[in-house]
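Worth saying up front: this structure is predicted, and the values here are computed from it rather than measured.
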Amino acid sequence: MTDGDLSAVGRSLYEAGTLKQTRRTGWWVAGVRDPESVAEHSWRTALIATIIAKLEGADPARAAYLAVWHDTQESRTGDVNHFGKKYAPAGDPQEVTADQTAGMPELLASAVRELVAEYEAKETPEAICARDADKLECLLQGIEYKAQGYENAQRRIDNSSSRLITGTANRLADELLAQGSLDWLRTALEEGKE
């Protein structure tokens, strides 16, 4: 491979950086003024995917790999929320990915296309875990927004919870719903212990 072969890869890395500024638009409907970015969502989704996959007996690295790439197409389509898709459907993730990987070394381009196809097919244990992680991250973000006073986040919390597939994701959702968003800090500070 020559350095010229990496020019498309370099461009794709700059393109991926735009996801740090691309806001998750579904939260605007809930009144959140400055919602998380797609990149922030994808990072925690990948982390959650490793947890779900490990506890479900799937490959955590593969699930995280799928989760990292699951929304990369939004650098070109933007984050079209569920309500918006009624009027302006987002591009097909596999077609967008094919355009995004054009010109990359085939070894890399085919790997990325295969990841997106696997995620979209919803068939492998790792894809199911990654998709559950996507929903669980949305539920978790909703809990955090609700704690900040955005009461309309409850709709997203309920919707995300109802769409979980794996036993692990469902049990984890129950646990998250039973906790406060700062319980981790209280535990770390050993508050309430005498």
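A salt bridge does not link R24 to E40: none of the charged nitrogens lies less than 4.0 Å from a carboxylate oxygen. A salt bridge links D183 with R186: the closest approach of a Lys/Arg side-chain nitrogen to an acidic carboxylate oxygen falls below 4.0 angstrom. Ionic pairing of E36 and R44 is not present here: no N-O contact between side-chain nitrogen and carboxylate oxygen is shorter than 4.0 angstrom.
For CZ of R163, the number of neighbouring non-hydrogen atoms (other residues, nucleotides, ligands) closer than 6.0 Å is 12 at most. The environment of CG in L107 is sparse: at most 12 heavy-atom neighbours from other residues, nucleotides or ligands sit within 6.0 Å. For R76, the CZ atom is densely surrounded, since the number of other residues' heavy atoms within 6.0 Å is greater than 12.
In this structure, E106 and R113 have side chains that are in contact, with non-hydrogen atoms separated by less than 4.5 Å. Within the 4.5 Å cutoff, side-chain heavy atoms of E175 are placed close to those of Q179. Contact check for R131 versus I128: no side-chain heavy atoms found under the 4.5 Å cut-off. You'll find the side chain of L115 reaches within 4.5 Å of the side chain of R62, heavy atoms only. Between Q73 and V116 there is a side-chain heavy-atom pair separated by less than 4.5 Å.
The cluster map of Ile, Leu, Val, Met, Phe, Trp and Tyr, joined by side-chain heavy atoms under 4.5 Å apart, puts V96 and V80 in different clusters. Criterion: ILVMFWY side-chain heavy atoms under 4.5 Å apart, direct or through other members. Under it, L172 and L139 are part of a common hydrophobic cluster. Cluster membership check: F83 does not share its hydrophobic cluster with W28, using side-chain heavy-atom separations under 4.5 Å among Ile, Leu, Val, Met, Phe, Trp and Tyr. Hydrophobic clustering, with ILVMFWY side chains joined whenever heavy atoms are under 4.5 angstrom apart, keeps V32 apart from I143. Under the 4.5 Å side-chain contact rule for hydrophobic residues, Y65 and L19 do not share a cluster.
Formation of a donor-acceptor pair under 3.5 Å by the E56 side chain with backbone atoms of T168 is found in this model. At least one donor-acceptor pair under 3.5 Å links the side chain of T25 to the backbone N or O of D79. Although no hydrogens or angles enter the test, the distance criterion places a donor-acceptor pair under 3.5 Å between the side chain of T166 and the main chain of A169.
Across all their heavy atoms, T50 and A64 have their closest contact at CG2-CB, 3.5 Å. Between A46 and A67, the shortest heavy-atom distance links the atoms CA-CB, 3.6 Å. For A130 against T45, the heavy-atom pair with the smallest separation is O-CG2, 4.1 Å.
Taking the six-membered ring for Trp and thresholds of 30 and 60 degrees, H70 and Y119 have ring planes inclined between 30 and 60 degrees apart.
No side-chain donor from either of E74 and T22 sits under 3.5 Å from a side-chain acceptor of the other. There is a side-chain donor-acceptor pair under 3.5 Å between S75 and Q100. Between the side chains of Q94 and E120, no donor-acceptor pair is found at a separation under 3.5 Å.
Atom CG of L182 and atom CD of E144 lie 9.0 Å apart (nearest 0.5 Å). Going from atom CD1 of I165 over to atom SG of C129 covers 10.5 Å, rounded to the nearest 0.5 Å. For the atom pair SG of C138 and CG of L136, the computed distance is 10.0 Å after rounding to the nearest 0.5 Å. Atom NE2 in H41 sits 11.0 Å away from atom CG in L140 (nearest 0.5 Å). Atom OG of S12 sits about 7.0 Å away from atom CG of L108, to the nearest 0.5 Å. The distance from atom CD1 of I52 to atom CG of L164, rounded to the nearest 0.5 Å, is 7.5 Å.
R156 forms a cation-pi arrangement with W27, by the criterion of a distance under 6.0 Å to the ring centre and an angle within 45° of the ring axis.
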